[in-house]
2 protein chains.
Amino acid sequence: MVKPTAIKNNIRALRFAADEMTQDALAKEIGVTRQTIIAIEQGRYSPSLEAAFKIALALGVGLEDVFTYAPPASKE
Amino acid sequence: MVKPTAIKNNIRALRFAADEMTQDALAKEIGVTRQTIIAIEQGRYSPSLEAAFKIALALGVGLEDVFTYAPPASKE
DNA sequence: GCTTAATGTATACTATTTTTTACACTGTGC
DNA sequence: GCACAGTGTAAAAAATAGTATACATTAAGC
């Protein structure tokens, strides 16, 4: 099963909004590696709740401003 | 290192508020096992962002109404 | 043309979350 | 007493998230 993450985020946009913060800077600020930021930005996997909270905190916005859950589209 | 989850939740309270929903019912509704609900309720680990979103949805509240991040208390 | 910063890709590895199965405990109804 | 619902515990295995390292690409500055 593939399940390509039902969660979207606008970390990239918010990074630029937040004083042009680089992936590396963000990664360091929240205590993860750059790889993690890249993978999350690209939606390759959704972060842990903890990582998500830290990211929102670092970007100065609420959790739900960064990540949005796209429900699997029920058939209707 | 132990890292006992910096995230708190009030799933249990919200379950009762939401029509006395049982752990089993909630688990089924969001597509995880009962074990997962128990572990999360007890704070044994924090869920994935996806699981967290589903739980909030099933309980009819916002993500940040269910889970709260307790920052590691900076020294001040 | 060389260097550097920022981003992306890949792979192997570790850690954490989630599942599965199985059993224990408590309260309620019969 | 026995059955059942709801909750809890435990441990192994599978799935997913995150790390570490190394290398490629692009744009900017010198």
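All chains are named by letter (A, B, ...) in the order of the sequence lines, taking the proteins before the strands, and each is independently numbered beginning at 1. Given the structure is predicted, the values throughout are model-derived calculations rather than measurements.
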What integer distance in Å separates [X]:[atom1] from [N]:[atom2]?
X	N	atom1	atom2	answer
A:Tyr45	C:dT17	OH	C1'	14 Å
B:Lys28	C:dT18	NZ	P	18 Å
B:Glu50	D:dA15	CD	P	16 Å
B:Leu26	D:dA5	CG	C1'	17 Å
A:Asp24	C:dA5	CG	P	10 Å
A:Phe53	D:dA17	CZ	P	18 Å
B:Phe67	C:dT17	CZ	P	12 Å
A:Ile11	C:dT7	CD1	P	12 Å

Would you say a side-chain N or O of [X] is under 4.0 Å from OP1 or OP2 of [N]?
X	N	value
A:Gln42	C:dT7	no
B:Ser46	C:dT17	yes
A:Ser48	C:dT17	no

Pick base, sugar-phosphate or nothing for A:Ala51, based on heavy-atom distances below 4.0 Å to the nucleic acid. sugar-phosphate
Under a 4.5 Å side-chain heavy-atom rule over Ile, Leu, Val, Met, Phe, Trp and Tyr, are [X] and [Y] clustered together?
X	Y	result
A:Leu57	B:Val66	yes
A:Phe53	A:Met21	yes
B:Ile7	B:Val61	yes

Proximity to the side chain of [X] - top-ranked nucleotide from [options]:
X	options	value
A:Thr33	D:dA17, D:dT19, C:dT7	D:dT19
B:Arg12	D:dG8, C:dT18, C:dT7	D:dG8
A:Thr36	D:dT19, C:dG8, D:dT7	D:dT19
A:Thr22	C:dA6, C:dT9, D:dT19	C:dA6
B:Arg44	C:dT17, D:dG8, D:dT9	D:dT9
A:Arg34	C:dT17, C:dG8, D:dG18	C:dG8

Measure distances between side-chain N and O atoms of A:Gln35 and base N and O atoms of D:dT21, and say whether any donor-acceptor pair falls under 3.5 Å. yes
Test item: A:Lys28 and A:Arg34 side chains (from C-beta on) under 4.5 Å apart, heavy atoms: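 Sidechains of A:Arg34 and A:Lys28: no contact.
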Are any non-hydrogen side-chain atoms of A:Phe67 and B:Leu63 less than 4.5 angstrom apart?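 The answer is no; the side chains never approach within 4.5 Å.
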